[in-house]
Amino acid sequence: MQNVRVRFAPSPTGPLHIGGARSALFNFLLARRFGGQFIVRIEDTDLERSSLESEKNILDSLEWLGITWDEGIRVGGPHAPYRQTERLSIYTEAAEKLLASGQAYRCYCSEEELEAQRQAFIDKGEMPRYAGNCRCLSLEDEARYQAEGRKPVIRFRVPDEGAVTVDDLVRGQVSFDCAGIGDFIIVKSDGIPTYNFAVVLDDASMDITHVIRGEEHLSNTPRQLLIYDALGISRPKFAHVSLILGKDRTKMSKRHGSTSVVAYQSQGYLPEALVNFLVLLGWSPEGEEEIFTLDELISRFSLDRVAKNPAVFDSDKLNYINGVYIRKAEIDRLIELALPHLREAGYIGEELDDQQMQKVRWMMQAVQEKISSMGQVADFAPLFFGDEVTFESDEAKAVLAEEQVPVVLNAFLQKITDGRAIEPDSVKALLKEVTKETKQGGKKVFMPVRVALTGQQHGPDLNYIVTALGQESVVARVRHSAAQLGLSL
RNA sequence: GGCCCGUUGGUCAAGCGGUCUAAGACACCGCCCUUUCACGGCGGUUACAGGGGUUCGAAUCCCCUACGGGUCACCA
């Protein structure tokens, strides 16, 4: 493949959306795969809604995901500036060119007039579109309007006949009839270009070779193509990726749960897991393996394995993939990620002493293989913090009513307080001694101890629970359980 | 509503006219492993939207219908 230059060009009107993240990812992967450049540019021509705060959020999220760029905002590059509002002269110049050649014209219609026209079309049962009032204004007309103080917009003159064909890398050839495209605005009355105009100029001036973006842009593409042709600029290649849908098969929105990358970040998803999950939405690898690091994805990614049909966001699978990465993760990293969740749930404070830190470490080792997102650590926390036990069911209580229980628990209590070091291995040995001395089968020992300690019949490895709890809490918990059930030890 | 895109199991998806009595993954169910659960291993249930063509042969090509989505802004 020739040199590849791709870009991600978000508008900073909100946090980075899951769909945007996938578009960025696809662009990034293609660039890396073919040794090209990935550019990040900011499309902030919507003055009302754009904010620096959103811009920062988007950029931070990209970095968090591990998606890095070669040129653009924050890093600079040969085509700076990378914020559209800082590139206004480029658009003005091109608009003048189009005006001069008659391929664009000034339109003085007010928003109210436009709205009235729209309504008129609707009333007549016709499709609303621009009526073309200002298509052939005389110099006198223009002068008169200007005298009235009207601020014109600039519209692109769309040919009355003919068709525009988009040659799409994922969809093939898609044709649009010019008749269905009204003369659209390329420069707003405040002199700011519209999206359809600015993208073209920026993609052209930044030598973008492939435009990979969401399918919602497909029907905009003919307009952009018209501009490329009018300006005599060569077209890049296009690839429109289908949308990500919510569970009910409509466009993913708030009501389907979290849609922003930061939301997943704060819920305790790992960036590599989110990347892995996202890439599988719309792209499929060649073999049967589905778990890939970014580097592995780079060596495998290709546009011809991108699917045409929309994909439903399946959080079950995200959780599964996140679980895979959690199990692979270093324990220290997991601890760092768990801390905020434990703080938020009130189990720990801002500062941790060594003992608390060690406790969290044991706890994380115990739950690492049981959780699929860091948010779940808080669910397990009651097993590790505090000296009280709540029974999950009558069935659990019944376990402690068995006849061997007093003997078992006494033996356990006696050994745990005999001064030995408490760590997973020694606890394991200790429990074994208890089974031996009380001549009980394993289950008769492990179950009561587990229930007395946690109130539950299932849970993380007992050796780690005992270690994390420490001698004092272990004793306190066993006594608390016994007291609740009237057991005398 | 016009235009555009799409439709393989509950979900993601492979499949590019014969090797499809249709791969793999998630979820679900069962068994094994484990003196719990989870992890892991093994096995199982479940799909070519419907109807017409084209062809010796169609999940794969064409048309229609249905359904879903996108887009028709001085938003991107």
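A note on names: the letters A, B, ... follow the listed sequences, proteins ahead of strands, and every chain is numbered from 1.
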Do the side-chain N or O atoms of A/K188 get closer than 4.0 angstrom to the phosphate oxygens (OP1, OP2) of B/rC75? yes

Test log, rule side chain to side chain donor-acceptor pair (under 3.5 Å), inputs A/T165 and A/S175: CA-CA 4 Å; A/T165 301; A/S175 295; 3.0 Å; yes

Rounded distance in Å - NE2 (A/H458) to P (B/rU34): 18 Å

Do A/S89 and A/T92 have side-chain atoms, one donor and one acceptor, less than 3.5 Å apart? no

Testing B/rG70, B/rA38, B/rU36 for proximity to the side chain of A/D461, the answer is B/rU36

Is it the case that B/rG24 (base atoms only) and A/E290 (side chain only) share a donor and an acceptor within less than 3.5 Å, ignoring hydrogens and angles? yes

Phosphate-side-chain proximity, A/S284 and B/rA14, N/O vs OP1/OP2 below 4.0 Å: yes

Whenever both distances are under 3.5 Å in a Watson-Crick or G-U wobble pair, mark it; put RNA chain B into dot-bracket that way, with [ ] for crossing pairs and | when the partner is on another strand. ((((((((.[[[..)..(.....]]].(((((.......)))))....[[[[[..)....]]]]])))))))....

Nucleotide B/rU8, atom P - distance to NZ of A/K308 in whole Å: 13 Å

Should A/R223 be listed as having a side-chain N or O under 4.0 Å from OP1 or OP2 of B/rC3? no

Where along residues 155-170 of chain A does a heavy atom fall under 4.0 Å from RNA chain B? none

Is there, by distance only and without an angle test, a donor paired with an acceptor across the side chain of A/S11 and the base of B/rC75 below 3.5 Å? no

Provide, to the nearest angstrom, the distance between the NZ atom belonging to A/K247 and the P atom belonging to B/rA27. 12 Å

A/R223 NZ/CZ over A/F156 ring centroid, <6.0 Å and within 45° of normal: no

Are the side chains of A/T454 and A/F391 in touch, meaning some heavy atoms are under 4.5 Å apart? no

Could you pull out the protein-nucleic contacts involving nucleotides 58-66 of chain B (nitrogen or oxygen on both sides, under 3.5 Å)?
none

Quote, to the nearest angstrom, the P distance that separates B/rA13 from B/rG51. 26 Å

Take the protein atom CG of A/L281 and the nucleotide atom P of B/rG69, then report the distance between them rounded to whole Å. 17 Å

Between A/F313 and A/F277 (judged by ring centroids, cut-off 6.0 Å), do the two rings come close enough to count as a pair? yes

Separation of A/L218 atom CG from B/rC72 atom P, in whole Å? 12 Å

Hey, is the main chain of A/A329 close enough, under 3.5 Å, to the side chain of A/Q368 for a donor-acceptor pair? yes

Using a cut-off of less than 4.0 Å, is there contact between a side-chain N or O of A/R327 and OP1 or OP2 of B/rG40? yes

What's the gap between B/rC12 and B/rA27 when it is taken at their P atoms, as a whole Å value? 15 Å

Any A/N196 side-chain N or O less than 4.0 Å from OP1/OP2 of B/rA76: no

Please compare A/G287 and A/G441 by the position of their nearest nucleotide in RNA chain B and report the one closer to 5'. A/G287

Classify the ring geometry of A/W362 against A/Y464: parallel below 30°, tilted from 30° to 60°, perpendicular beyond 60°. tilted

Does B/rC26 have its OP1 or OP2 closer than 4.0 Å to a side-chain nitrogen or oxygen of A/Y320? yes

Under 4.0 Å between a side-chain N or O of A/R305 and OP1 or OP2 of B/rG15? yes

